[in-house]
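Notes for the one structure printed next.
Side-chain atoms are counted along with the backbone in the values below, which use heavy atoms only and exclude waters and symmetry mates. First the proteins, then the strands, lettered A, B, ... as listed; each starts at 1. Values in this document were obtained by computation on a predicted structure and should not be read as measured data.
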Protein chains: 2
Amino acid sequence: MTNRDAIEIFHNYLATKNLKHSEQRMSILQDFLDSGKHLTAHELFVLVQKKTPSVGFATIYRTLKLLCECGLCRELKLDDGTTRYEYQDETQHHDHLICTKCGKFVEVLDPEIERLQDKLFDAYGFLPQRHRLDLYGICKSCNK
Amino acid sequence: MTNRDAIEIFHNYLATKNLKHSEQRMSILQDFLDSGKHLTAHELFVLVQKKTPSVGFATIYRTLKLLCECGLCRELKLDDGTTRYEYQDETQHHDHLICTKCGKFVEVLDPEIERLQDKLFDAYGFLPQRHRLDLYGICKSCNK
DNA sequence: TATGAAGTTGATATTCATTATCATGATGAA
DNA sequence: TTCATCATGATAATGAATATCAACTTCATA
């Protein structure tokens, strides 16, 4: 999915909800797309402020909420209590390897694990909705 | 592991840290052990207050922290933002199936998934520390 | 069993992330 | 251009968790 696609998804979502465009929303989306992934709200705030200093903190949260609603963003509540937001390509689910020293995120996917998870849902009579797998460890460069 | 074992672990931990026993700590541990698992701090607070009304909120948090430190308790930060504490039998790691309607927790374990996770750590050169797998869905009784 | 150093407590203040409020400003269909 | 509606920034408010502090316990020692 290109940035253009993402922007269109956002526009369409605003349209269906009778919401309006705004410079702030576009600016936030742009920085969100351009930046590395897995930002905190505060980190995104700092990024956006560089180009659009007038943007307020509340608008960051409001826009992140919209992005989550339209599927472009995923909210990650980590075990250390922080919340991070990552750009989500709907077509590409993944889990995370997280370095507990430097905070590095690696996106991983193991089809076999995914399959076994569905088997677990099934075994307990659950209707699967989503899952959350975070693998915490120490990355190669931190482990020297 | 019996409750008696757990209490001994807690006592030993206090001893090694030169910490003291107290009625409050024992009362909290007892309720924590007796109750169902996966309590919020507030739920535990309410439980404890029934028997020991004078116990303050801060002491609940302080004691939960100690219990986590000595391995009797695991803190779960859930995707809905709530934090729950579960009694942890060190010998028995498990993951969770969580019903998004009624909040039911089912403890599950798939040795094959565990094995594949270690393979993932390995494939990316990570030193494994821990992981976190939450499966969200709708349980049988909520799906009727 | 009395002492006292050190740890513990409850109440409360504080912090921090997030959300709600509200007066003012921006958007866009007509 | 109008104007109903929505969005915004500033700020207040919330809620969970932690820090502070004076008063109270604990427990090793005398």
Just N and O in the side chain of Tyr61(B): are any of them under 4.0 Å from OP1 or OP2 of dA17(D)? yes
Indicate if Ile138(A) and Val108(A) have the same hydrophobic cluster label, given that clusters are the connected sets of ILVMFWY residues with side-chain heavy-atom separations under 4.5 angstrom. no
Inspect the surroundings of CD in Glu112(B) and state if more than 12 heavy atoms from other residues, nucleotides or ligands are less than 6.0 Å away. yes
For Arg25(A) and dT27(C), is the shortest distance between a side-chain N/O and OP1 or OP2 below 4.0 Å? no
Note: for Thr82(B) and Lys17(A) on DNA chain D, the residue whose nearest nucleotide lies more 5' is Lys17(A)
Taking only N and O in the side chain of Gln24(B), is any of them less than 4.0 Å away from OP1 or OP2 of dG10(C)? yes
What's the closest nucleotide to the Leu19(B) side chain, out of dA10(D), dT8(C), dA17(C)? dT8(C)
Phe10(B) CZ to dT8(C) C1', straight-line distance once rounded to whole Å: 12 Å
Taking CG from Asn18(B) and P from dA28(D), how many angstroms apart are they, rounded to a whole number? 10 Å
Of all the nucleotides listed (dG9(D), dA19(D), dT9(C)), which has the minimum atom distance to the side chain of Ala58(B)? dA19(D)
For DNA chain C, the residues among residues 67-80 of chain B that have a non-hydrogen atom under 4.0 Å from it: none
Nearest whole Å is fine: how far is dT20(D) C1' from Arg62(B) CZ? 10 Å
Using whole Å, report how far CG of Leu64(B) lies from P of dA16(D). 14 Å
Summary of side-chain hydrogen bond (donor to acceptor under 3.5 Å, both in side chains) pairs that have at least one residue in residues 134-144 of chain B, sequence neighbours excluded: Arg132(B)-Asp134(B)
Atom-to-atom span, CG of Leu44(B) to C1' of dA17(D) - whole angstrom: 15 Å
Check whether Asp118(A) reaches the backbone of Arg115(A) with its side chain - one donor and one acceptor, N or O, closer than 3.5 Å. no
Check every atom of dG28(C), dA17(D), dT8(D) against the side chain of Tyr85(B) and return the nucleotide holding the closest atom. dA17(D)
If you check the Lys20(B) side chain, which of dA16(D), dG9(D), dA5(C) turns out closest? dA5(C)
Would you tell me if any nitrogen or oxygen in the side chain of Thr83(B) comes within less than 4.0 Å of OP1 or OP2 on dA17(D)? yes
Figure out the CG/P separation between Leu14(B) and dT8(C), and round it to whole Å. 8 Å
Length of the CD1-P vector between Ile60(A) and dA17(C), whole Å: 15 Å
Within the distance-only criterion (no hydrogens, no angle test), does the side chain of Thr63(B) pair as donor or acceptor with the backbone N or O of Thr59(B) below 3.5 angstrom? yes
Is there any salt bridge (Lys or Arg N to Asp or Glu O under 4.0 Å) pair reaching into residues 53-71 of chain B, and which pairs are they, with sequence neighbours excluded? none
Between dC27(D), dG10(C), dA17(D), which nucleotide gets closest to the side-chain atoms of His21(B)? dC27(D)
Phe57(B) CZ to dG10(C) P, straight-line distance once rounded to whole Å: 12 Å
Thr52(A) versus Glu23(A), side-chain donor and acceptor atoms under 3.5 Å: no
Output the distance between atom CG (Leu72(A)) and atom CG (Leu64(A)), rounded to the nearest 0.5 Å. 11.0 Å
Ser54(B) near the nucleic acid: base, sugar-phosphate alone, or nothing, with a heavy-atom cut-off under 4.0 Å? sugar-phosphate
Among dT8(C), dT18(C), dA17(D), which is the nearest nucleotide to the side chain of Ser22(B)? dT8(C)
